Amino acid sequence: MITIRFPDGSNREFPKGITGWEIAKTISTSLAKEAVAVRVGEQLWDLTRPIDCDTPFEVIKRTSDAGLDILRHDTAHVFAEAVKELYPETQITIGPSIQDGFFYDLFREESFTPDDLKHIEERMHEIVNRDEPLTREVWDRQTAIDFFKSQGEFFKAEIITDLPAGDEVTIYRQGNFVDLCRGPHLPSTGKLGHAFKLMKIAGAYWRGDHNNPVLQRVYGTAWSTEKDLQDYLTRLEEAEKRDHRRLGKEMNLFHMQEEAVGSVFWHPKGWALYRILENYIRDKITAEDYVEVKTPQLLDSSLWEASGHWEKFGENMFVVKEEDKTLALKPMSCPCHIQIFRQGIKSYRDLPLRMAEFGACMRNEASGALHGLTRVRSMVQDDGHIFCREDQVKEETRKFCLLLLNVYHELGFEDLTIKFSDRPAVRAGSDEVWDKAETQLEAGARASGLSYTLNPGEGAFYGPKLEFILKDAIGRDWQCGTLQLDFVLPERLDATYIGEDGKKHRPVMLHRAIFGSLERFIAVFIEHYAGKFPLWAAPVQAVIATVTQEGDAYAEKVYQDLRAAGLRVELDTRNEKISYKIRELSLQKIPYIMVVGKKEAEEGTVSLRKLGGEAQETLALHAVIDKLRKEAIPPHKR
RNA sequence: GCCGUCGUAGCUCAGUGGUAGAGCACACCCUUGGUAAGGGUGAGGUCGAGAGUUCAAUCCUCUCCGACGGCACCA
């Protein structure tokens, strides 16, 4: 007999060699039905694998995270089996589970088409219906390698060859399909169910290296129930509706075109939003004793050579030849800020010196990297550099973190994660300097009450950094804010200050941004609010819409009064029915519609309708002005 | 940059080896209508660019440009 310990702490005895599934059945049939695997000690095991010794034990249900993971992995196997049945010449490589589903990387001369995916998906459903048992086998390594080679599966053979020497080579068999896999898997394909769907085909390099062959990657989604699948597909649709590229067009905020790839044409409403956010952040940093500067965009290559950018990022810089000179458009503002710092002699009394710029930067991003406003070639950073002494790093870090948290909070973002990236393998500066830098940056982050995850080895070559990551509506993470410690640039560009001792010292430089780029942040802002901006940030805060021409004169007065009160309003006196105007203005996501007709003109009122609501309230004109003015106060002035 | 898909009216999209169509938007007319689409008429396109095949190309082939989805990249 063996003793099985359950998660609630209870123990029970079972005969040696009992399977996890059998144990689950003794608890309840519904649990056994929900079970996809079991946890035996630290490991996840197949339901059908015999258990030989005393162990902590837990049933993994299909709805749990670990369970879903197994389901998705199983779906990948069923996918691979279907592919091998339909297109036997295909080599299969890896097929892991990922967020919301799985992917499988395939090698085949011919491209898979969307039609092929349909056929594969149909075959997958058939395989599920066949209810093929999955069995686990432990193979000798060389046997496995030879087997896969004999099957023409050279990628698989390579994977096995590269497995760590001590690892067991386990094989899973389902029907005629044999695959290398760590497991665990469901007892049979029938248990998988039908809540999966193949989504798209993409290219991916073998082992993620662009020197390797390109494989065809098929993405699929898989869930424990068909309802979950449906919900997921609905979520995708909803996310698409708030895609900033779509809303940018629909709301007439901006556009992009062939002649300016990677750059933005801001339309009046988009530019209004841009200026509102720029001015907001300007207010915030001014209150924190930043000084704002503006530096050149076109600079001689000698400066970039001195700063190290030429060597390290030259490929991403736009270069301009001018007679005997070589100039480059700035990809970032830091070297320029050091030039300002270097003007005149700085004293330790001048530190910390917080220098900010809305810096227009150009980076020659790879064409495939461009994406709406989130990845552009021409952008404006809410850049800033804090020049300080080493002993001021902690306090400056703390201050910045608090400012950033406050800004994100005021703008409505609460879902924030932080990564602390420490020294990379290739770096400048001594270990002693890095020790100090990491310790202080960490201490500063701690002092602000932030929790963060470690991102080992991902720091910049000149110093460790904090990355602030927002989650957008589609669930994508966006790195917006950043704080980077830099001991190298001040050295390279020879920034000094005079210390208390009367001698020259090197300042430390903190590179920092809250939005990152205005463009990217606006994209995130649009998606976060699905275009329904808070009143203070809405480009057009209200539209006065007339019912008939009888209301025109009064509507004009309302319009002028609202404008005089500092509100961004428009007047809609078109010859259209009021319901038509309401529909159109609602689709434009105008926060308030003010309906003005004969009745309102006589009473000196407006009928106010809030976006998303159906109820209206009729208020005196002055009351409406008060109400909107109050609501339109930016968060930092409340 | 790489792999794949796509590019037709301002927008969303249909379509065909014999030089094109819908809905919305736009213009004009009728309508003055009270909270998510009133009606009529009209204008609008070198079918992304270039080359090739063909009697004939928006459609087939190739090259280029761009967009989209991934991959790689993201100081």
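Computed from a predicted model, the values in this text were never measured in an experiment. Throughout, protein chains are lettered first and strands after them, A, B, ... in sequence-line order, and every chain is numbered starting at 1.
- For the OP1/OP2 pair of B/A37 and a distance below 4.0 Å, the side-chain nitrogens and oxygens of A/S579 include no atom meeting the criterion.
- The distance from atom CZ of A/F103 to atom P of B/G69 is 18 Å, rounded to the nearest whole Å.
- Between A/Y580 and A/I201, the residue anchored closer to the 5' end of RNA chain B is A/Y580, taking for each the nucleotide with the nearest heavy atom.
- Annotation: the span from A/L441 atom CG to A/F420 atom CZ amounts to 5.0 Å, rounded to 0.5 Å.
- Base engagement by A/M332 is indicated by at least one non-hydrogen atom pair under 4.0 Å involving a base atom.
- Phosphate contact (OP1/OP2 of B/A36, side-chain N/O of A/S586, threshold under 4.0 Å): absent.
- Between the CG atom of A/L373 and the P atom of B/A67 there is a distance of 13 Å, given to the nearest Å.
- A distance of about 8 Å separates the P atoms of B/A9 and B/G48, rounded to the whole Å.
- No contact: A/K581 has no heavy atom under 4.0 Å from any strand.
- Atoms CE and CG, from A/M509 and A/L493 in turn, are 8.0 Å apart once rounded to the nearest 0.5 Å.
- For the pair A/N252 CG and B/C26 P, the computed distance is 13 Å after rounding to whole Å.
- Side chain A/R375 to base B/C73: a donor-acceptor pair is found below 3.5 Å.
- Contact annotation: the side chain of A/E365 approaches that of A/L370 to within less than 4.5 Å [non-hydrogen atoms, C-beta and beyond].
- In this structure, A/E600 and A/Q484 both approach RNA chain B, and ranking their closest nucleotides by distance from the 5' end singles out A/E600.
- Judged by distance alone, with hydrogens and angles left aside, A/S607 brings a side-chain donor or acceptor within reach of the base of B/U35, the pair sitting under 3.5 Å.
- Classification of A/D383 and A/K330 as a salt-bridged pair fails, no side-chain N sitting under 4.0 Å from a carboxylate O.
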*asked:* Assess the residue pair A/S302 and A/D300 against the criterion (side-chain hydrogen bond (donor to acceptor under 3.5 Å, both in side chains)); give the C-alpha distance rounded to whole Å, side-chain angles, the decisive distance to 0.1 Å, and a yes or no.
replied: CA-CA 5 Å; A/S302 58; A/D300 194 275; 3.0 Å; yes
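- For A/R207 against B/A72, a side-chain-to-base donor-acceptor contact under 3.5 Å is absent.
- For the C1' atoms, the distance linking B/C47 with B/C6 amounts to 14 Å, nearest Å.
- Comparing the same atom, P, in B/G42 and in B/U19 gives a spacing of 23 Å after rounding to whole Å.
- The listed nucleotides are B/A75, B/G7, B/G70; the one nearest the side chain of A/E258 is B/G7.
- Residue A/I578 has its side chain nearest to B/U35 when only B/C68, B/A72, B/U35 are considered.
- Residues A/R72 and A/I98 have side chains not in contact (no heavy-atom distance under 4.5 Å, counting atoms from C-beta outward).
- Backbone-only engagement by A/G208 is indicated by non-hydrogen atom pairs under 4.0 Å involving sugar-phosphate atoms exclusively.
- Phosphate proximity of B/C68 to A/K200: absent, as no side-chain N or O sits under 4.0 Å from OP1 or OP2.
- B/U41 and B/A25: their P atoms are spaced 16 Å apart (whole Å).
- One can find a donor-acceptor pair under 3.5 Å joining the base of B/G33 and the side-chain atoms of A/N575.
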Read 5' to 3' with Watson-Crick or G-U pairs under 3.5 Å, [ ] for crossing pairs and | for partners on another strand, RNA chain B gives (((((((..((((....[..)))).(((((.......))))).....(((((..]....))))))))))))....
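- For the P atom pair drawn from B/G40 and B/A36, the interatomic distance equals 22 Å after rounding to whole Å.
- In this structure, A/L587 reaches the bases: a heavy-atom distance under 4.0 Å links it to at least one base atom across the strands shown.
- No side-chain heavy atom of A/P331 sits under 4.5 Å from any side-chain heavy atom of A/N316.
- Among the heavy atoms of the strands, none lies under 4.0 Å from A/F112.
- Candidate nucleotides B/G34, B/G4, B/A72 were compared by shortest atom distance to the side chain of A/S111, and B/G4 ranks first.
- Note on A/V595: a base of the nucleic acid sits closer than 4.0 angstrom, heavy atoms only.
- Within 4.0 Å of A/A202, counting heavy atoms only, lies at least one base atom of the nucleic acid.
- OP1 or OP2 of B/C71 sits under 4.0 Å from a side-chain N or O of A/Y219.
- Between the side chain of A/Y205 and the base of B/G70 there is no donor-acceptor pair of N/O atoms closer than 3.5 Å.
- In the set B/G34, B/G33, B/C26, the nucleotide with an atom closest to the side chain of A/K598 is B/G34.
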request  = Assess whether side-chain hydrogen bond (donor to acceptor under 3.5 Å, both in side chains) is satisfied between A/E631 and A/Y592, documenting all intermediate values.
outcome  = CA-CA 11 Å; A/E631 193 182 331; A/Y592 282 107; 2.5 Å; yes
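- Here, B/G45 and B/G15 have their C1' atoms 14 Å apart, quoted to the whole Å.
- Separation of the P atoms belonging to B/U35 and B/U46 is 43 Å when rounded to the nearest angstrom.
- Under 4.0 angstrom from either OP1 or OP2 of B/G70 there lies no side-chain N or O belonging to A/Y104.
- B/C55 and B/A43: their C1' atoms are spaced 35 Å apart (whole Å).
- Residues satisfying the side chain to side chain contact (heavy atoms under 4.5 Å, CB included) criterion with A/R492, sequence neighbours excluded, are A/V488.
- Taking the six-membered ring for Trp and thresholds of 30 and 60 degrees, A/F413 and A/Y408 have ring planes more than 60 degrees apart, a perpendicular arrangement.
- In this structure, the CD atom of A/Q257 is 20 Å from the P atom of B/G7, given to the nearest Å.
- A/A369 comes within 4.0 angstrom of a base, heavy atoms only.
- Taking side-chain N and O atoms only, A/H371 has a distance below 4.0 Å to OP1 or OP2 of B/G69.
- Atom CD of A/E584 and atom C1' of B/C26 are 12 Å apart (whole Å).
- At the heavy-atom level, A/P114 lies nowhere under 4.0 Å from the strands shown.
- Rounded to an integer number of Å, the gap from A/I582 CD1 to B/G33 P is 16 Å.
- A/I593 is not listed as a side-chain neighbour of A/K610, based on a closest heavy-atom distance of 4.5 Å or more.
- Between A/R583 and B/C24 there is no side-chain polar atom (N or O) within less than 4.0 angstrom of OP1 or OP2.
- If you measure from atom CD of A/E259 to atom P of B/G66, you get 10 Å, rounded to the nearest angstrom.
- Base contact: A/R609 has a heavy atom under 4.0 Å from a base atom.
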